[in-house]
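For reference, the structure discussed in these notes is given below.
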Amino acid sequence: MDFKDLAKKRRSVRSFKEDLLPRDLLRDLLETALNAPSAGNVQPWKFTVIQSSHIKEKLAAAALNQRWILEAPVVVVVQIDLERAFKTYGQRGSSLYAIQDTAAAIQTLLLYATDKGVASCWVGAFVEKEVSKILSLSSHLRPVALISLGYAAEAPPPPPRRSSEDVIDFEEDIT
Ligand SMILES: Cc1cc2nc3c(=O)[nH]c(=O)nc-3n(C[C@H](O)[C@H](O)[C@H](O)COP(=O)(O)O)c2cc1C
């Protein structure tokens, strides 16, 4: 697919069919996300793949009871490795670059998933402490996103975007 069409086609989907994602496809999606850029090539990310209902149930509860998450056959918990992120760039590495690095990996995952016909939603509203507890994460791992993946059971219309005039300034527009 033309890349511009792909970028426009990606949607947050919150209703999924029961069909499971083949393991090879899931691996391909995640491995492709690893090509994302990261500050100093530190790659401070970690991905935990959740497919069992009882853990998804707990994650949905930790995500402020977003029950639709249970419909997704896969939930990927994206984490920052704070130690790895801090080692090279200190506080800026762990509090800023690592957020941007994982966001770049997530967006790569979402776009490639779209290309492969896999629907997704980026979930950021959750209680971090609860997610850490559910997965028994070490203290140096900070969960930053839950990514639901599966086959879409809905086709949401594109939500409106702010106008380009509103958000893009060329230098001649600066007063
Ligand atoms: C950082 C971040 C956090 C988000 N958290 C949630 C969330 O907790 N629950 C949810 O349903 N959607 C969440 N979304 C999805 C947004 O609502 C969605 O991207 C936005 O409405 C635009 O729709 P689109 O993705 O279809 O273009 C999140 C997106 C981002 C980037």
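In listed order, ligands and their atoms are each counted from 1.
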Worksheet item: Between I134 and A62, which heavy-atom pair has the shortest distance, and what is it?
Response: CD1-CB, 4.0 Å

Discussion item. Show me which atoms of ligand 1 lie under 4.0 Å from any heavy atom of W68.
Written reply: 11 (O)

Worksheet item: Among T102, L141, V131, which residue meets the side chain to side chain contact (heavy atoms under 4.5 Å, CB included) test with Q79?
Response: L141

Worksheet item: Excluding sequence neighbours, so at least two apart, what forms side-chain hydrogen bond (donor to acceptor under 3.5 Å, both in side chains) with Y89?
Response: none

Practice prompt. Report, in ascending order of atom number, the atoms of ligand 1 lying under 4.0 Å from any heavy atom of A125.
Written response: 8 (O)

Discussion item. Restricting to non-hydrogen atoms, name the atom on L59 and the atom on L146 that form the minimum distance, rounded to 0.1 Å.
Written reply: O-CD1, 4.4 Å

Discussion item. If you take the nearest heavy atom of each of R10, R161, K8, Q66, which one is closest to atom 7 (C) of ligand 1?
Written reply: Q66

Practice prompt. For atom 22 (C) of ligand 1, decide whether some protein heavy-atom distance is shorter than 4.0 Å.
Written response: yes

Discussion item. Please list the nearest protein heavy atom to atom 13 (C) of ligand 1 with its residue and the distance rounded to 0.1 Å.
Written reply: W122 O, 2.9 Å

Worksheet item: Can you tell me which residue and heavy atom of the protein come closest to atom 19 (O) of ligand 1, and the distance to 0.1 Å?
Response: S12 OG, 3.3 Å

Worksheet item: Can you check whether A72's main-chain N or O pairs, donor with acceptor, with K56's side chain at less than 3.5 Å?
Response: yes

Item to complete: Between A145 and ligand 1, find which residue part has any heavy-atom pair under 4.0 Å and reply side chain, backbone, both or neither.
Response: neither

Practice prompt. Scan side-chain atoms only and decide if N41 and Q43 contain a donor-acceptor pair under the 3.5 Å cut-off.
Written response: yes

Discussion item. If you take the nearest heavy atom of each of K9, R14, R11, which one is closest to atom 16 (C) of ligand 1?
Written reply: R14

Item to complete: Below 4.0 angstrom from a heavy atom of G124, which ligand 1 atoms are there? Numbered from 1 as shown, please.
Response: 3 (C), 4 (C), 5 (N), 6 (C), 7 (C), 8 (O)

Response to the item:
Heavy-atom closest pair (A36 atom, T108 atom, distance to 0.1 Å) is CB-OG1, 3.8 Å

